[in-house]
Amino acid sequence: MTQRPAKREIEFDLLSNAVDSLHHAIDHVAPLGEEAVAKDYKQAILAVAHAVELLLKERLQREHPALIWRNVETRRYWYVDHLHYGQASHLEVFDARGLHVGESNLEGTVDASKLDREKTIDL
């Protein structure tokens with residue numbers, strides 16, 4: 001029986017994660033040895049949107065770190081996702097290691113099905 005290698009924690013700060021998402025977008029627009037198809041363009045657009053969101057969050061964290069706050073009881077970090085308004089308004093929620101755990105409505109109910117493993121915060 002073969003053994004699995006030990007799990008390694010992979011950590012990206014906001015800026016590194018944004019750059020990685022941009023590289024991911026480029027890979028979809030210009031796949032090596034292949035011609036891009038419609039689904040590649042869709043994935044590239046999603047990756048660029050993710051990179052822009054992370055870059056804005058990095059700037060926000062540098063300028064206004066108080067806008068990211070920690071719940072002492074749950075050891076979770078919360079911030080308002082300013083890219084969504086009205087009914088789509090929500091908070092992004094991260095665990096004590098800075099890993100995304102989901103989104104919360106404005107009442108504080110966390111929806112773990114919205115977990116995005118590519119989202120992290122640098123603590």
Review point. Which residues pass the side-chain hydrogen bond (donor to acceptor under 3.5 Å, both in side chains) test with T109, sequence neighbours left out?
Key: none
Check your understanding: side-chain contact (heavy atoms from CB on, under 4.5 Å) with V110: which residues, sequence neighbours excluded?
Key -> R76, W78, V93, S104
Review point. How would you list, by chain and number, every residue that makes a side-chain contact (heavy atoms from CB on, under 4.5 Å) with L56, sequence neighbours excluded?
Key: V52, L83
Review point. Should H90 and D111 count as side-chain neighbours, where that means a heavy-atom distance under 4.5 Å?
Key: no
Review point. In terms of ring plane angle, is the pair F94 and H100 parallel, tilted or perpendicular, where the classes change at 30° and 60°?
Key: perpendicular
Check your understanding: Which pair of non-hydrogen atoms, one from A18 and one from L54, has the smallest distance, and what is that distance?
Key -> N-CD1, 3.6 Å
Review point. Looking at side-chain heavy atoms only, is the closest gap between H23 and V19 below 4.5 Å?
Key: yes
Point to revise | Other ILVMFWY residues reachable from L55 by side-chain steps of under 4.5 Å | key: L15
Practice item. Determine whether K119 and E103 make a side-chain contact, defined as any pair of heavy atoms from C-beta on separated by less than 4.5 Å. Key: yes
Review point. Does D95 have any salt bridge (Lys or Arg N to Asp or Glu O under 4.0 Å) partners at least two apart in sequence or in another chain, and if so, which?
Key: R97
Compile the donor-acceptor pairs under 3.5 Å between side chains in residues 30-48 and protein atoms, sequence neighbours left out, one pair per line.
residue: D40; atom: OD1; partner: H28; partner atom: ND1; Å: 3.3
residue: D40; atom: OD2; partner: V37; partner atom: N; Å: 3.0

Point to revise | Rounded distance [0.5 Å steps], NE2 in H24 versus CG in N17 | key: 11.5 Å
Review point. Of the non-hydrogen atoms in V101 and L115, which two are nearest, and what is the gap between them?
Key: CA-CD1, 3.9 Å
Check your understanding: If you round to the nearest 0.5 Å, how far is CD1 of I121 from CG of L99?
Key -> 9.0 Å
